[in-house]
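Shown next, in structure tokens, is the structure this report addresses.
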Amino acid sequence: MSGRDSGVNAPPKLVFLGPPGAGKGTQGALLAERCGIPKYATGDILREAVQLDSPLGRESKGYMQRGELVPDEVIIGLARNALASPSAKAGFILDGFPRTIGQAEALQAILAESGRTLDAVLYFAVLREELIRRLAGRRVCGDCGAVFNIHSDPPAIETVCDRCNGQLGIREDDEEETVLNRLDVYDENTQPLLAWYRTSSVPVHEIDAGGTVEDVYERLLKAVGCS
Ligand code: AMP
């Protein structure tokens, strides 16, 4: 069933669900731009807080370094703030939130307070071996945050950002041991969310997220559009 058939109107209110490395951030940025809606990534918000050494950052840093989930009450507060923004009133993409059933229940309640409901959950499915390869190849610009991949989207010079000439590095939690832990944490905590959403009234679209960015984006647009 396509998104248009399932009644997703412009602009959509979406949750992107899937393991680390599935491409949620990349695809979310493309769709958010096309639809003119904000994308909120709890991981990005937390990384910025860590960089600023704010109380939120200091509270979250250890969990993130170990590849564990930051406690629900912290994350739910973040999401509540983001969703209260006027720009999120009509539509939004949530990337990396919710990650537990507790967070999903809280999201439902937060949206209900303002008479909103989700239009769809997009589940990005990728094989574990591919995720490990992608995460090991990911390079992030320390200055502008641009994301490259040495396998699929390499920068012209291996350690230099094509966009701003900043220094490219490996995200601390993309180191191999942490990656394996993040994938286990995903299987244990976030995978059950998929079953939870499938029993809810929100349509769930499974996207084959293997292959190139362009291929996946094409599949995403077939599932959900905004015009
Ligand atoms: P991400 O960039 O989405 O892979 O998130 C990086 C890290 O931030 C995760 O490994 C968690 O430690 C933390 N994090 C991000 N989003 C959440 C969330 N919804 N619930 C709990 N922890 C989160």
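Note that ligands are numbered from 1 as they come in the structure, with each ligand's atoms numbered from 1 the same way.
- For Pro19, the side-chain contact (heavy atoms from CB on, under 4.5 Å) criterion is met by Ala22, Leu131, Leu183, Tyr186, not counting sequence neighbours.
- Using modelled atom types, no side-chain atom of Asp153 and backbone atom of Phe148 make a donor-acceptor pair closer than 3.5 Å.
- By the disulfide bond (SG atoms under 2.5 Å apart) test, Cys161 pairs with no residue at all, sequence neighbours left out.
- Legend: salt bridge (charged side-chain N to carboxylate O under 4.0 Å, His left out) pairs involving residues 189-202, not counting sequence neighbours, sorted by first then second residue: Arg198-Glu206.
- Around ligand 1 you find Thr42, Gly43, Leu46, Arg47, Met64, Glu68, Leu69, Val70, Ile75, Gly96, Phe97, Arg99, Gln103, Arg171, Asp173, Arg182, each with a heavy-atom distance below 4.0 Å.
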Residues Tyr40, Phe92; criterion ring pair (Phe, Tyr, Trp, His ring centres under 6.0 Å); working and verdict
CA-CA 8 Å; Tyr40 299 109; Phe92 53 78; 7.2 Å; no
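- Residues Asp184 and Arg128 are paired through a salt bridge, judged by an N-O separation under 4.0 Å between the basic side chain and the carboxylate.
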